[in-house]
Asks: 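Quick one: the structure is below, questions incoming.
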Amino acid sequence: MSRDSSRASSESIVTRVIHRPYVWAIVALLLLLVINLGKDPAYLGISVNAATGNLSGNVIDILRASAPIMMIAVGMTLVIATRGIDLSVGSVMAVSGAVSMEFMSTAGGGTVGEALSAAALALAISAALGAVNGVLVSVVGLQPFITTLITMLAGRGLAKVITAGQNTSASNESFRWIANGTVFGFPVVFVIAGIVVAIVAVLVRRTALGLMIESIGINPRAARMAGIRPVGILIAVYVVGGVLAGIAGIFSTASVMTVEVAKTGMAAEMDAILAVVIGGTSLAGGKFSLTGSVIGALLIATLDKTIVFLSIPSSATPAFKAAVIVIICLLQSQRIRALFARRRSGPSSLTPPPRSPAQPRKESVSA
Amino acid sequence: MSILIDRPTSVSEGGSRPSLVSRLKPNVESLPTLAAVVIFVAMVVYGEVAYGRIVQFSTISNLLINNAYLIILAVGLTFVIVTGGVDLSVGAVIAISSLVGVMLANQGWNPIAVIIAMILIGSVFGTASGVLIQYFNVQPFIATLAMMFLARGLASMLSTTPERLADDSPIRLFSTEWKVIDGPKINDLVTTPNVVIAALVVLVAFLVLHRTRLGRTVYAIGGSESSALLMGLPVVRTKLAVYVISGTLAGLAAVVYTSKLGIAQNITGVGWELDAIAAVIIGGTLLTGGAGFVLGSVVGALVLGLMNVLITRDGGIPPEATTIITGAILLVFVLLQRLVVSRKRKT
């Protein structure tokens with residue numbers, strides 16, 4: 001407590017920025033870019049294609065790759081803020097991709113209408129899967145992880161059933177445009193992702209919705225006593241999570257116009273969880289940061305690209321990401337935080353990362 | 001003291017067969033286990049009527065031989081789930097353990113050393129999960145999910161292609177078929193060392209969970225962790241122990257599975273955590289902890305195994321749908337548990 005008050009008195013704008021939970025993500029992001037620059041000084045160069053006006057370059061590639069991660073990360077942020085978890089995002093991506101590919105390959109016309117109906121159908125089914133999660137968690141009261149574990153594995157099975165176990169391809173230029181096209185030089189996926197994130201941010205930050213989500217995550221009983229009905233909000237959060245995963249599925253299948261039922265969205269739930277925890281949202285629920293998750297998604301996309309760029313075998317990435325999750329979990333734990341707090345009260349002026357994820361929780365207590 | 005401690009055990013599990021049945025009947029907690037037994041019998045009857053050749057030696061032998069690994073996994077998970085936790089890493093632990101095992105064996109390691117290494121890999125992952133959960137307060141599913149990705153990632157780093165165990169490797173001896181009863185034609189009752197290992201695991205786990213102090217502490221933690229702490233039970237040690245047990249048994253399951261199939265791959269065991277959890281839940285262990293039976297998990301594993309047999313025999317159901325059916329069954333049983341628990345709370 002005394003630490004809090006002493007901090008408040010000495011707080012300037014600079015320290016407040018440094019204490020943003022995602023400042024370390026930005027530092028890591030810059031570090032990765034510096035590493036890439038070290039290998040190729042022209043890494044950050046963006047060239048403009050004079051004929052089409054398209055931008056191209058590694059940074060644009062990173063933005064393109066970050067779009068699907070951003071989608072699932074934003075959905076996961078809301079779910080985790082309610083003390084839940086959505087392990088089914090990767091499978092929902094596969095289902096969404098399978099539905100759209102199967103629809104377009106059956107229709108086979110390649111028209112804009114077909115692309116739109118395929119996307120709408122995919123999103124509707126993703127929303128339905130999200131609703132199943134939401135109802136089971138809120139109305140029935142099952143634990144989120146077991147509910148979404150079931151939908152994760154059953155969803156993967158569903159994707160396989162939809163495509164009869166085959167990797168399905170389709171050809172539709174309008175659908176392909178979503179992943180490979182550009183708007184004002186920027187990749188369409190990134191623009192769509194930006195718009196979606198903005199919509200979600202406005203919904204949760206300009207209305208009381210975000211506050212309600214946080215209150216459910218901080219103390220469900222107190223939230224209920226304060227007159228917040230958790231059922232509707234929980235269902236909405238899981239549906240949003242499902243729809244966003246569906247969008248991510250469309251993004252990741254549209255670029256190759258093929259759904260690989262066993263591979264699309266594999267381990268995507270880890271990317272999403274990683275982006276969320278990197279962004280400073282605690283896995284214990286409560287306060288969340290959409291900006292942090294977006295930065296986390298950018299960091300993961302950069303990391304993936306860097307690993308390919310430095311020609312490190314990409315099979316190592318999952319292990320590395322898992323290790324990062326473990327480290328962040330450790331930094332968020334009481335034991336390590338107490339350790340650092342003891343150090344800080346001494347002469348050394350360390351500003352260690354454990355404080356940053358801890359900070360939003362502490363604010364919520366004192367508020 | 002010993003009398004006091006022994007009493008609750010006989011209530012929870014019963015000694016002889018008739019008393020077990022009579023004791024199970026009025027107990028609302030054992031309803032799901034009873035349901036699992038009923039379902040198993042119903043599946044056997046349905047399979048016999050619809051497809052035939054279910055109640056015979058070869059089918060029963062194959063059911064046990066093919067599901068020995070699942071039984072071992074489910075027994076390990078029973079400990080974890082009774083404490084109210086969960087271990088999602090078991091499938092990935094099998095992948096890395098069997099991959100390392102096959103690679104070491106092919107490099108000419110002593111088979112006994114290989115087997116010990118495989119089991120120890122499981123123990124290491126279990127210990128890591130346990131330490132994260134117990135000492136750093138990470139939620140069980142997050143910690144074991146991280147271990148799952150870590151194990152799967154490390155396995156992918158080792159190899160992404162199937163590694164084949166040499167045909168003359170002594171590890172394959174675990175799947176030697178012993179004819180117990182020589183039936184007509186191929187209808188023999190056969191068993192393998194793997195099945196014997198699984199049976200031993202079940203026996204030891206049964207004794208540990210239902211007859212020792214450690215086992216009772218496991219139940220106490222699942223009932224209420226804070227009460228267990230206040231009672232002075234060794235909560236820290238026990239919670240660590242259940243994850244080590246689960247990891248170690250996952251390592252053992254890897255030995256059993258590898259010896260049977262002879263192939264290890266980084267994608268071995270994807271989704272097995274669902275199978276194992278489903279087996280435990282179907283067997284009547286409460287997902288919220290505090291109640292459950294080792295033998296129930298065995299029944300649960302056999303229900304899943306028999307389901308696979310029936311799906312294969314039927315031929316009309318695409319094999320891709322198996323996980324959907326497993327998921328649906330798990331869901332039904334979890335819902336059943338909610339119902340039972342809420343009814344118990346009302347009375």
Asks: Tell me, with the steps shown, if L136(A) and L331(B) meet side-chain contact (heavy atoms from CB on, under 4.5 Å).
Replies: CA-CA 9 Å; L136(A) 288 176; L331(B) 191 60; 3.6 Å; yes

Asks: Quick one, L153(A) and T326(B) - any side-chain contact, counting heavy atoms below 4.5 Å?
Replies: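 Of all side-chain heavy-atom pairs linking T326(B) with L153(A), none is under 4.5 Å.
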
Asks: Taking the side chain as everything from C-beta on, heavy atoms only, tell me whether M157(B) gets closer than 4.5 Å to F320(A).
Replies: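 With C-beta onward as the side chain, the pair stays apart.
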
Asks: Does any heavy atom of chain B fall under 4.5 Å from the side chain of L274(A), the backbone, both, or neither of them?
Replies: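 L274(A) has no heavy atom closer than 4.5 Å to chain B.
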
Asks: Any chance you could measure L149(A), atom CG, to F141(B), atom CZ, to the nearest 0.5 Å?
Replies: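 Separation between the atoms: 10.5 Å.
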
Asks: Any idea which of I273(A), L158(A), V261(A) has the most non-hydrogen atom pairs under 4.5 angstrom with chain B?
Replies: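 Maximum pair count with chain B is reached by L158(A).
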
Asks: What part of I277(B) gets within 4.5 angstrom of chain A, counting heavy atoms only: side chain, backbone, both, or neither?
Replies: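 For I277(B), the side chain is the part near chain A, not the backbone.
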
Asks: For L283(A), which atoms come within 4.5 Å of any heavy atom of chain B: side chain, backbone, both, or neither?
Replies: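 Backbone plus side chain of L283(A), per the 4.5 Å heavy-atom cut-off to chain B.
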
Asks: Which bit of L154(B) comes within less than 4.5 Å of chain A, counting heavy atoms only: side chain, backbone, both or neither?
Replies: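 Both the backbone and the side chain of L154(B) come within 4.5 Å of chain A.
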
Asks: So which residue, V324(A), T317(A), T151(A), V326(A), ends up with the most heavy-atom pairs under 4.5 Å with chain B?
Replies: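 Sorted descending by pairs with chain B, the first entry is V326(A).
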
Asks: Rounded at 0.5 Å granularity, tell me how far CG in L274(B) sits from CD1 in I150(A).
Replies: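 The CD1 atom of I150(A) is 7.0 Å from CG of L274(B), to the nearest 0.5 Å.
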
Asks: Take L145(B) and I85(A) through the side-chain contact (heavy atoms from CB on, under 4.5 Å) test and state the conclusion after the steps.
Replies: CA-CA 12 Å; L145(B) 192 72; I85(A) 190 93; 5.7 Å; no

Asks: Name the region of L150(B), side chain, backbone, both or neither, that has any atom closer than 4.5 Å to a heavy atom of chain A.
Replies: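 Both the backbone and the side chain of L150(B) come within 4.5 Å of chain A.
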
Asks: Does the side chain of V270(B) reach to within under 4.5 Å of the side chain of M266(A), using non-hydrogen atoms?
Replies: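 SC-SC contact between V270(B) and M266(A) confirmed.
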
Asks: In terms of heavy-atom proximity below 4.5 Å to chain B, should I325(A) be classed as side chain, backbone, both, or neither?
Replies: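 Interface part for I325(A): side chain.
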
Asks: Report the C-alpha separation of L142(A) and R338(B) in whole Å, then their side-chain angles, then the decisive distance to 0.1 Å, and conclude whether the side-chain contact (heavy atoms from CB on, under 4.5 Å) test is met.
Replies: CA-CA 8 Å; L142(A) 295 185; R338(B) 291 285 309 174; 3.5 Å; yes

Asks: Which atoms of I267(B) come close to chain A, meaning under 4.5 Å heavy atom to heavy atom: side chain ones, backbone ones, both, or neither?
Replies: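 Neither part.
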
Asks: Let me know if L88(B) has heavy atoms under 4.5 Å from chain A in its side chain, its backbone, both or neither.
Replies: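 Looking at L88(B), just its side chain touches chain A.
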
Asks: Give the minimum heavy-atom separation between P318(A) and G153(B), together with the two atoms involved.
Replies: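 Taking every non-hydrogen atom into account, CB-CA, 3.9 Å.
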
Asks: To the nearest 0.5 Å, what is the distance between OG1 (T323(B)) and CZ (R156(A))?
Replies: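 Taking OG1 in T323(B) and CZ in R156(A), the distance rounds to 10.0 Å.
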
Asks: Quick one: pull up CD in E273(B) and CE in M152(A) and give me the separation to the nearest 0.5 Å.
Replies: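 E273(B) atom CD to M152(A) atom CE measures 6.5 Å (nearest 0.5 Å).
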
Asks: Identify which of G141(A), G155(A), A164(A), A323(A) forms the greatest number of heavy-atom pairs closer than 4.5 Å to chain B.
Replies: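 When all of G141(A), G155(A), A164(A), A323(A) are compared, G141(A) has the most.
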
Asks: Just checking F136(B): does its CZ atom have more than 12 heavy atoms from other residues, nucleotides or ligands closer to it than 6.0 angstrom?
Replies: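 More than 12 within 6.0 Å, yes.
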
